Amino acid sequence: MSEVVHDELYDLRHSTAHLMAQAVGELFPGVKYAIGPPIEDGFYYDFDLPRPIREEDLAAIEERMLEISARDLTIVRQELPREEAVKLEADLDQPYKVELINDLPEGEVISFYRQGEWVDLCRGPHVPSTGKLKHFKLLHTAGAYWRGSEKNKMLTRVYGTAWFSKADLEDYLNRVEEAKKRDHRILGRELGLFMFSEEVGKGLPLWLPKGATLRDTLIDFMKAEQLKRGYQGVVTPNIGSSKLYEKSGHLVTYRSKLYPLMEDPESGETYVLKPMNCPHHIMIYANELHSYRELPIRLAEFGTVYRYEQSGELTGMLRVRGFTQDDSHLFVTPEQLGEEFKGVVDLMLYTLKRLGLTDYRVRIGIRDPKDSKYIGSDENWEAAQKAIIDAVEELGMAYEIAEGDAAFYGPKLDLLVRDALRREWQMGTVQVDYNLPERFELEYIGEDGQRHRPIMIHRAPFGSLDRMIGLLVEHYAGAFPFWLAPQQIAIIPISDRHHAYAEQVNVALREAGFRSALDSRNEKMGKRIRENEMQKVPVMLVLGDRDVENNTVSVRRRGEGDLGAKTLEEAIAYFKELSAQ
RNA sequence: GCCGACAUGGCUCAGUGGUAGAGCAGCUGUUUCGUAAACAGCAGGUCACCGGUUCGAAUCCGGUUGUCGGCUCCA
């Protein structure tokens, strides 16, 4: 968030951050100020304090903020030459501010904003006086490293939100409350999709029958697409020799992100629990000599990988330690690169569309030339980055370039989607890689009879099945479209005498390929309807005397209610229609 | 990993030093019902785990594990 948009709401939030800093200064003498910018929906300020602020302190800080607001202090801008600016902050015993001033580029205007006794280094702009700041709330505290580096001291960050009116503030707080109800961790349990077990291990998801069905549905969808698009399935083991990963470069770059190595007791050779599928797929390509006529070769696998993520990073299904990628590696000639890359992007966008995810961002990660973790030659990097940018330009897509976001072996294009709490997650990803083919000396025989080096495209349209399902749960608030719903149809016989007919209908629907289940519990129909509604089953069939008599089913659509009686044939036609939506 | 917080039956929560409670879910019966909660009874917890303080700990203290919000990281 280096580029801050200067609209009025941002100014208000920025000023509220100052207001909070002043209040903290009054309540915690000796506080050192770091930075305090406006952010989406609010603001934060980082403090270095004699003792950390606790959540229970927030009310007192808010109270002091309101008091300072009531003083209605005029907010005044003041510009100072560099030396005087440094002296001002040094006199105030504010070392972080001194460091910030010293790092400002030559010729930059150095400005301060003063409200009453309190002053802060700041580019501004701000509201005219503290009296304008009334509708805010402090939300939570967090630790944050000075300048974002874990080598530096950890400061205390306080997050808050601020709005023009009381109504806006309340709306926002309500929105957050509503969003929490969509949390996939809560819905995942309520809907019986997945679980975690302390005894199995943190970050290791267990998929329950309904969640497993959802996974199967997504896998079937992707397999069908891949079949149309000329992919071939492969299967590779969950572990591989460390030598393989040494050669690929993963071992050096991601040592700390691997589960500890396993040792073969006979040979003493070590094995890696695989964090990636690429080296395995590369071995399959290298198994035989390929002609240019065979290329592109597209090897696909739903590969489960394990990454030892830092414990503090784990978040439900959105960040786990064991997950399944819809992975594929394409081996292509330089001439094919552009078309193949565009083909992958097309699949990725089609996938998002089918899943109903329309709100996403495209980020192109290129390398940071100053960082040494990137392998391979400058020429290869230039060529790979150019291939990606040319392709998205040709496709007319909106995108952002992010320096330093490339994989260590190549640049990539990521699709980013937000969760219920508006946190952004990387979903689909595609990378262009000249470097691993070089490391593994991959070849094909060209038209000219000479040996040539293929280029690899790594891609995963879902990214991780686990993360994608977590996100889809939040996107749909658990109410999946018919084709995705783990259980599509619930059959509710009104009383015992309708069971035989209900069973018959259930069998017929399963025969027709629908995920149907009979709910013949000894409960009143209304209760069973209610519970199936809450389980987000898209369709219910209520069966009573009339239906048995007329050989019909009464169709009830989730969220809509009774659609009336249909024959079984009509109902099946309707379900086929729903499946296509 | 770091900062802060939290942890009571399957779920949601009450209980702040004197030997654990409610609703929902579960089980058993009764009820056989036309589109979002029938009725009654029963059962269920070493209060996350380990240690300490105390005559006595769910409650106070320390540690561990897990979870939550951030930071850092994300092939």
Side-chain angles (χ1 to χ4, degrees), chain A residues 44 46 49 52-58 139-159 180 183 185-186 189-190 195-199 201-203 245 248-251 253-254 256-258 274-279 305 307-316 318-319 325 327 365 373 405-410 412 414 421 423 425-426 429 431 433 436 458 460 463-464 467 492-499 522-534 540-547 554-565:
Chain A
Y44 67 79
D46 287 347
L49 294 142
I53 291 177
R54 302 194 195 93
E55 310 262 329
E56 65 197 37
D57 297 319
L58 296 184
L139 300 173
H140 49 260
T141 62
Y145 299 107
W146 167 237
R147 301 204 134 176
S149 168
E150 59 186 330
K151 294 190 188 80
N152 292 337
K153 180 161 186 184
M154 182 159 271
L155 310 172
T156 301
R157 175 171 299 179
V158 180
Y159 283 93
K180 282 182 185 161
D183 191 317
R185 291 166 295 199
I186 294 165
R189 185 182 61 234
E190 288 177 356
M195 61 173 278
F196 289 90
S197 158
E198 202 174 320
E199 287 161 277
K202 55 161 55 173
Y245 284 87
S248 69
H250 288 97
L251 204 57
T253 313
Y254 292 107
S256 63
K257 290 304 195 67
L258 295 176
K274 80 177 172 188
M276 281 299 287
N277 303 299
C278 23
V305 296
R307 299 176 183 178
Y308 190 78
E309 307 288 2
Q310 298 191 88
S311 58
E313 259 305 326
L314 301 172
T315 302
L318 298 177
R319 191 78 182 269
Q325 295 178 313
D327 207 1
K373 78 170 180 182
D405 271 349
F408 75 88
Y409 49 72
K412 60 178 185 161
D414 295 323
L421 293 174
R423 297 178 291 204
W425 298 90
Q426 178 190 311
T429 180
Q431 296 138 22
D433 177 10
L436 291 181
H458 308 236
S464 139
R467 176 177 288 181
I492 302 178
I494 292 177
S495 79
D496 286 351
R497 64 178 178 277
H498 311 117
H499 283 185
N522 180 17
E523 295 289 353
K524 292 191 79 169
M525 177 197 58
K527 177 155 185 178
R528 285 176 286 157
I529 288 176
R530 173 180 156 81
E531 290 187 355
N532 280 287
E533 260 321 306
M534 292 196 307
M540 282 171 244
L541 300 183
V542 176
L543 307 180
D545 288 339
R546 290 205 299 269
D547 300 287
S554 297
V555 179
R556 182 193 165 93
R557 186 85 172 91
R558 173 188 65 207
E560 290 173 31
D562 193 359
L563 302 184

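Note that the coordinates shown come from a computational prediction; the quantities given were computed from them, not determined experimentally. So that the names make sense, note that chain A is the first sequence line, chain B the second, and so on, each numbered from 1. Only heavy atoms go into these numbers, but all of them, side chains included; no hydrogens, no water, no symmetry mates.
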Quick one: the side chain of A:R319 and the base of B:C74, do they pair up donor-acceptor inside 3.5 Å? yes

Options B:C33, B:A75, B:U35, nucleotide nearest the side-chain atoms of A:S495: B:C33

Close aromatic pair by centroid cut-off 6.0 Å: A:F408 and A:Y254: yes

Would you kindly give the CG-to-P distance between A:N532 and B:G34, to the nearest whole Å? 18 Å

Reading RNA chain B from 5' onward, which residue's closest nucleotide shows up sooner: A:P275 or A:R189? A:R189

What's A:G249 touching, base or sugar-phosphate or nothing? Going by heavy atoms closer than 4.0 Å. nothing

Taking only the side-chain nitrogens and oxygens of A:R497, find out if one of them lies under 4.0 Å from OP1 or OP2 of B:C33. yes

Using the C1' atoms only, state how far B:G4 lies from B:A20, rounded to an integer number of Å. 30 Å

Does A:D547 contact B:G34 through a side-chain donor or acceptor facing the base, at a distance under 3.5 Å? yes

When you check the phosphate oxygens OP1 and OP2 of B:C68, does a side-chain N or O of A:R185 lie under 4.0 Å from one of them? yes

Sole candidate of A:R556, A:R528, A:R558 that passes side-chain hydrogen bond (donor to acceptor under 3.5 Å, both in side chains) when paired with A:E533: A:R556

Could you tell me how the ring of A:H140 sits relative to the ring of A:Y159: parallel (under 30°), tilted (30 to 60°) or perpendicular (over 60°)? tilted

Partner nucleotide, any strand, of B:U54 [Watson-Crick/G-U, under 3.5 Å]: none

Suppose you measure atom C1' in B:U65 against the same atom in B:A37; what distance do you get, rounded to whole Å? 39 Å

Take atom P in B:G21 and the same atom in B:G9, then report the distance between them in whole Å. 15 Å

Report the distance from atom CZ of A:R423 to atom OG1 of A:T315, rounding to the nearest 0.5 Å. 6.0 Å

In whole angstrom, give me the gap between the P atoms of B:C11 and B:G70. 24 Å

Output the single nucleotide from B:G70, B:A75, B:G4 whose closest atom is nearest the side chain of A:T141. B:G4

Are the side chains of A:Y409 and A:H250 in contact, using a 4.5 Å heavy-atom criterion? yes

Separation of B:C39 C1' from A:N522 CG (nearest whole Å): 12 Å

Please determine, for B:G41, whether a Watson-Crick or G-U wobble partner exists with both distances under 3.5 Å, and give it or none. B:C27

Given the P atoms of B:C60 and B:C24, what is the spacing between them in whole Å? 30 Å

Give a yes or no on whether a donor-acceptor pair under 3.5 Å exists between the nucleobase atoms of B:G1, that is its base, and the side chain of A:Y145. yes

Pairing partner of B:C33 (Watson-Crick or G-U wobble, both distances under 3.5 Å): none

Check whether any side-chain heavy atom of A:R467 lies under 4.5 Å from a side-chain heavy atom of A:Q426, and answer yes or no. yes

Partner of B:C68 by Watson-Crick or G-U wobble geometry, both contacts under 3.5 Å, or none? B:G4

Is A:Y409 stacked against the base of B:A75, taking the criterion as centroid distance under 5.5 angstrom and interplanar angle under 30°? no

Spacing of the C1' atoms in B:C39 and B:G45 (rounded, Å): 27 Å

For A:S554, answer base if it contacts any base atom (sugar-phosphate contacts may also be present), sugar-phosphate if it contacts only those atoms, and nothing otherwise; contact means non-hydrogen atoms under 4.0 Å. base

In whole Å, measure the gap between the C1' atoms of B:A43 and B:C61 for me. 37 Å

Pairwise C1' distance for B:G63 and B:A25, with rounding to whole Å: 36 Å

